Protein chains: 2
Amino acid sequence: MAASAVLNAAKTSTRISDETRARVLAAAEKLRYRPNATARGLAHRRMNTLGVAATLVGDEPNQYFLEVFNGIIQRAAASGQTATVFTLGDWDEAARRIPDFCDGRIDGLILLAPLLEPDATPWLPEHTPIVSVHANHAIAGVVNLESDEETGAFEMTRRLLAMGHRRILHVGGPPGALGAERRARGYLRAHAEAGLAPPADHLLRGAYSVEAGRDALESWLCRHRGQPLPDVVFAASDAIGLGCTERLLARGLHVPDDISVVGFDDTVLARTARMATVRQPLRELGAKAVDVLLARIDARVQDRAYSGPRNIVLPTEVVVRATLAAPRKARLSIA
Amino acid sequence: MAASAVLNAAKTSTRISDETRARVLAAAEKLRYRPNATARGLAHRRMNTLGVAATLVGDEPNQYFLEVFNGIIQRAAASGQTATVFTLGDWDEAARRIPDFCDGRIDGLILLAPLLEPDATPWLPEHTPIVSVHANHAIAGVVNLESDEETGAFEMTRRLLAMGHRRILHVGGPPGALGAERRARGYLRAHAEAGLAPPADHLLRGAYSVEAGRDALESWLCRHRGQPLPDVVFAASDAIGLGCTERLLARGLHVPDDISVVGFDDTVLARTARMATVRQPLRELGAKAVDVLLARIDARVQDRAYSGPRNIVLPTEVVVRATLAAPRKARLSIA
DNA sequence: TTGAAAGCGCTAACAA
DNA sequence: TTGTTAGCGCTTTCAA
């Protein structure tokens, strides 16, 4: 009854006499009473906690994750929720572990860049609302948030072409990854629109990391010795772009005077390296994911169906920085 | 009894007959039974969840926080724990909000770089073990983890002096912040050891951010027009160092040919900008904080006193990168 | 080896 | 306006 009064203070002010309320408050104060969130959660079926599932491995922090996560916790805090992180070694573990996460301690789950089969339905817990950011496939029952990567890549490539760049080397992301495909598609579409066709060997694919970018570019340069140096490297991620820049500098080439470099994502890496890039609204994506998730949770609480869209696309934007300049007039050859 | 059996499978294998176990397992499977962590937590008084409290505001993600946090979640996951984040707008809110966090949903709390009064004891909940990372003061009942910032700053400064640098401008952290004091102290001690005394105006103080670094250096340079350019800028954080570099480049100065820049922390900023810095083992600090916290939680569960140290200091390390070179032979003046 | 019962700390519906 | 009661889903005695 103490708890009832203390709490109802906010809800039913008429229910308790002032005298009783004062007595309860005094007692609570004296006992340093703290309501227990677990018990309350049990009774209430609501923990005011959102889960975030992501793969988070390796030594170097994944900036993509960290930026989205930053957006998530800021918005969650603003909505009176807290966020708890579940790490997956690999998305193959998802079928086994995700149902365990949805065990009453979270009200909803955000999947960060999940690599899941479209038929994940059998094991996806149906009692917990789920949203995903940059899912690789549409998943039944999961609302997805993404950014318009193809248009971003398209606009960037078009801009490069308009500046006079012609030999545009695309150091792309992993084959099969939806985002990587979309970026490559934008790159190709911009060429097609300009009536151009980039040589097939100007489109590489590999992991999204600094090392992958470094190695991919280096081996490509070695294979193309004596041929003309590309005008610009269009990396499919900022990390790749950084790796490429590193190799170019190591070869004594100047960025952007000899060759430009542009990235993708606009993580802190690009901002720090003053690298031109395609901005994905990472923090907004995280914040919006929280909004949608809360809407779904509310709908469930009120036993309504969630009526919002199943897929939400946020715009991307070309960001010009110091690593992008007009192409060199005198063409260089690869040493 | 189903739950009992299912769970006791791990604990008391003799208690349940094989037949019953099989029946229970089959039923659980058919019902897609999932134990409820909240109820279990209520009964068990253990959520297997660690809390992390930090101030996390502003647009640009705080890399210091993110790196420590990365270490925390990795180690927590390895120990079968999850981490939930509580954000504070300001450490002044701590007295009001921290007791609320310790409401049964977490087993222990990690305070990230707390700015707390030493007499925080009255409101610190005594039923939840707490550890801090880089606390500003010793707090009764809280085990603190930190890194040896003074030695790091000392070693870096000594190294700069040994390279022949003499005019070392220290763009320091906020006055009153323990870490900033320690960094400044190391800077001064290295000078003293070499029988040198830096001019008083070579020691600035301000916030830890890129903007603060940029503004502090710019106004300092304006105030010292015509005087000799420093040999090197020793920034009290990577962010400050980045801000300083930005201003130097904008003035047409070359780093490190005209002037060197070194930072502090070794966040992703320094790694990306190839900036020399003093490395703080941020991820290790996070991981170790988890270890100590779990040890304290176990001690409490077993009703023992925690017997480990009250303060743990991890070493720092000088990292040399491209922004540090020998001082310029011909001295430049400030334009 | 199994079943029954009490309780973790709170909420909510119902009586008084 | 107040007190009582019955859960929330699980764990843990204690009997049977």
Side-chain angles (χ1 to χ4, degrees), chain A residues 1-49 80 82 99-108 125-128 297 300-303, chain B residues 1-49 51 80 82 99-107 125-128 297 300-303:
Chain A
M1 55 247 107
S4 175
V6 169
L7 209 158
N8 284 357
K11 224 170 91 185
T12 328
S13 48
T14 61
R15 204 171 124 67
I16 305 286
S17 71
D18 283 357
E19 197 243 314
T20 311
R21 163 173 302 120
R23 260 192 320 135
V24 166
L25 254 20
E29 174 69 17
K30 200 168 73 192
L31 298 170
R32 297 170 110 260
Y33 170 79
R34 295 276 145 205
N36 179 312
T38 308
R40 175 178 287 174
L42 221 210
H44 232 193
R45 285 95 178 292
R46 178 76 187 246
M47 287 298 280
N48 291 313
T49 299
T82 58
D100 283 344
F101 301 158
C102 303
D103 55 6
R105 66 187 135 171
I106 58 173
D107 305 316
E126 63 269 30
H127 54 283
T128 305
I297 294 170
R300 160 165 315 250
V301 166
Q302 294 163 35
D303 233 344
Chain B
M1 57 245 119
S4 174
V6 170
L7 209 160
N8 285 356
K11 225 171 90 185
T12 328
S13 49
T14 62
R15 204 170 124 66
I16 304 288
S17 72
D18 284 357
E19 197 243 315
T20 311
R21 161 172 304 117
R23 259 191 321 134
V24 166
L25 254 21
E29 174 69 17
K30 198 168 74 194
L31 299 170
R32 295 169 113 260
Y33 170 78
R34 295 276 145 205
N36 178 312
T38 310
R40 176 178 286 174
L42 220 210
H44 231 191
R45 288 95 178 293
R46 178 77 187 247
M47 287 299 280
N48 292 310
T49 299
T82 57
D100 284 345
F101 301 158
C102 304
D103 55 5
R105 66 187 136 172
I106 57 171
D107 305 315
E126 63 270 28
H127 54 281
T128 304
I297 293 170
R300 158 164 318 247
V301 166
Q302 295 162 36
D303 233 343

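Because the structure is predicted, anything quoted here is derived from the model rather than measured. Every chain is numbered from 1, with letters handed out A, B, ... down the list of sequences.
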Sorted by chain and residue number, the side-chain contact (heavy atoms from CB on, under 4.5 Å) partners of A/Arg34 (sequence neighbours excluded) come out as B/Pro99, B/Asp100
Considering every strand and a 4.0 Å limit on heavy-atom distances, what is the contact class for A/Arg46: base, sugar-phosphate, or nothing?
nothing
If I take atom NE2 in residue A/His44 and atom C1' in nucleotide D/dG9, what distance separates them, rounded to the nearest angstrom?
17 Å
Using atom CG of A/Leu31 as one end and atom C1' of C/dG9 as the other, report the distance to the nearest whole Å.
14 Å
Other residues, nucleotides, ligands: >12 heavy atoms within 6.0 Å of B/Glu29 CD:
no
In this structure, how many angstroms lie between the P atom of C/dC8 and the CE atom of B/Met47, rounded?
18 Å
Contacts of B/Thr128 meeting side-chain contact (heavy atoms from CB on, under 4.5 Å) (sequence neighbours excluded), chain-then-number -> B/Cys102
With the side chain of A/Arg45 defined as its heavy atoms from C-beta on, choose the nearest nucleotide among D/dC8, D/dC10, C/dG9.
D/dC8
Separation of C/dA6 P from B/Leu42 CG (nearest whole Å):
18 Å
Go through it in stages, so that I can follow the logic: the residues are A/Glu126 and B/Arg32, the test is side-chain contact (heavy atoms from CB on, under 4.5 Å), and I'd like the CA-CA distance, side-chain angles, deciding distance and then a yes or no.
CA-CA 11 Å; A/Glu126 63 269 30; B/Arg32 295 169 113 260; 3.6 Å; yes
Within this structure, what is the CG-to-P distance between B/Asn36 and D/dG7, rounded to whole angstrom?
18 Å
Rounded interatomic separation in angstrom, taking CZ from B/Arg40 and C1' from D/dC8
16 Å
